[in-house]
Number of protein chains: 2
Amino acid sequence: MALLNLLPAACDSELRRTTDLTHFDYRVLANLSEAPERTLQMSALAERTTASLSRLSHVVTRLERQGWITREVSAHDARATNAVLTQSGWEKVVATAPFHVQSVRNLVLDALTPSQFHQLGVIAGKIVRRIEERTATP
Amino acid sequence: MALLNLLPAACDSELRRTTDLTHFDYRVLANLSEAPERTLQMSALAERTTASLSRLSHVVTRLERQGWITREVSAHDARATNAVLTQSGWEKVVATAPFHVQSVRNLVLDALTPSQFHQLGVIAGKIVRRIEERTATP
DNA sequence: GGATTTTAGTTGATACTACAAGTAACTATG
DNA sequence: CATAGTTACTTGTAGTATCAACTAAAATCC
């Protein structure tokens, strides 16, 4: 429980002191930056960041106001909205990435042996799958 | 990251559907219920729940309004405030505990082998200590 | 081919959290 | 013994998250 309490807060504050992004904001931008055309449909982006569509929508609205993302209606499906990373958003990601990498390295990687780090991945995966099972069929 | 996103939310919602407590609320009440005289100084309670004093103060205010906790000034140090679990608060913990236990069992314990569960404890401990080091001396 | 359901996303109210500033009591120091 | 500093906690504010309700487009079903 201490881990769940402290680690998100720590990830956030290390990032926010230096840049002005939430850790979640960063993940949204980073995911877009890696996508083809720097574009992802909202649903796809929500899945990759494990966020609700509602939460994502609010956050994208904010990031859009800051000029890092734009929205456009999908050509194939008029219900769908694509989030597109702007040039300015791309530059933001590039500028922020080193800080993010270092905070993760400091907080997690350096604290563990390589084997423990691997184990953590396996364990987290199992728990996450468990949660997804349970929330899929209530 | 998915773990950090999903697990707290999952812990919360399983508990909130059935009872009307946040997972953090529960931890506050549970810690008090295990303390001698069902009483803890705010600072001590904050440390046990790994929360800031500010956060705790807000939450205790709410729990106090619901009649589960009362505050009293410490006899030894007039700066210090003790949080005391009321009878009604005690009953709330007793009523809630089974749900809490089962949700943790479902979400975490059942997903892992005993050895993995142990490893998770070790790994979480190392990361938490790391965070505490880093936030102690900035 | 029109009615119903599902999917995709948005929005507004409410509630929680974090940060910063403030108060009051205690301690140490010259 | 006054005063400077620390400790313990509270409170206001502003930003985020969550939930429920809503709109609109697409798919499905007689």
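The chains referred to below are lettered A, B, ... by the order of the sequence lines, with proteins before strands, and numbering in each begins at 1. The figures that follow rest on heavy atoms only: side chains count, while hydrogens, waters and symmetry mates do not.
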Identify which nucleotide among C:dC26, D:dT10, C:dA8 has an atom closest to any side-chain atom of B:Ala78, counting heavy atoms from C-beta outward. C:dC26
Taking any heavy-atom pair under 4.0 Å as a contact, classify B:Thr81: base, sugar-phosphate, or nothing. sugar-phosphate
For atom CE of A:Met42 and atom P of C:dT10, their distance in whole Å: 4 Å
With the side chain of A:Leu53 defined as its heavy atoms from C-beta on, choose the nearest nucleotide among D:dT10, D:dA8, C:dA8. C:dA8
Which residue lies more 5' along DNA chain C, comparing A:Asn5 with A:Thr61 via nearest heavy atoms: A:Thr61
A:Asn5 (side chain) donor-acceptor with A:Met1 (main chain) under 3.5 angstrom: no
Write down the distance between CG (A:Asp77) and C1' (C:dA8), rounded to a whole number of angstrom. 8 Å
Distance check needed: D:dT10 P versus B:Leu63 CG, whole Å only. 13 Å
Heavy atoms from C-beta onward define the side chain here; which of C:dA24, C:dT17, D:dA26 lies closest to that of B:Arg79? C:dA24
Nearest-neighbour nucleotide for the B:Ser54 side chain, C:dT17, D:dG12, C:dT10 considered: D:dG12
Hey, does the side chain of A:Ser74 reach the backbone of A:His76 with a donor-acceptor pair shorter than 3.5 angstrom? yes
Looking at C:dT10, I'd like to know if its phosphate oxygens (OP1 or OP2) sit under 4.0 Å from a side-chain N or O belonging to A:Arg71. yes
Just the rounded figure in Å: distance from C1' of C:dA20 to CZ of A:Arg17. 16 Å
Quickly work out the A:Phe24 CZ to C:dA18 P distance and round it to whole Å. 17 Å
For A:Leu56 and C:dT11, give me the distance from atom CG to atom P, rounded to whole Å. 13 Å
Closest to side chain of A:His58, choosing from D:dC19, D:dT16, D:dA26: D:dC19
Donor-acceptor contact present, side-chain B:Ser33 to main-chain B:Trp90, <3.5 Å: no
By nearest heavy atom, map A:Asp25 and B:Ala80 onto DNA chain D; which one lands nearer the 5' end? B:Ala80
Close side-chain approach of A:Glu37 to A:Leu85, heavy-atom, < 4.5 Å: no
OP1 or OP2 of D:dT16 versus the side-chain N and O atoms of A:Arg62: is any pair under 4.0 Å? yes
Using atom CG of B:Asn82 as one end and atom P of D:dT10 as the other, report the distance to the nearest whole Å. 11 Å
Here the distance between atom C1' of D:dG12 and atom CZ of B:Arg55, to the nearest Å, is 18 Å
Is the shortest side-chain N to carboxylate O distance from A:Lys92 to A:Asp25 below 4.0 Å? no
A:Ala9 or A:Gln41, whichever maps to the more 5' nucleotide of DNA chain C: A:Gln41
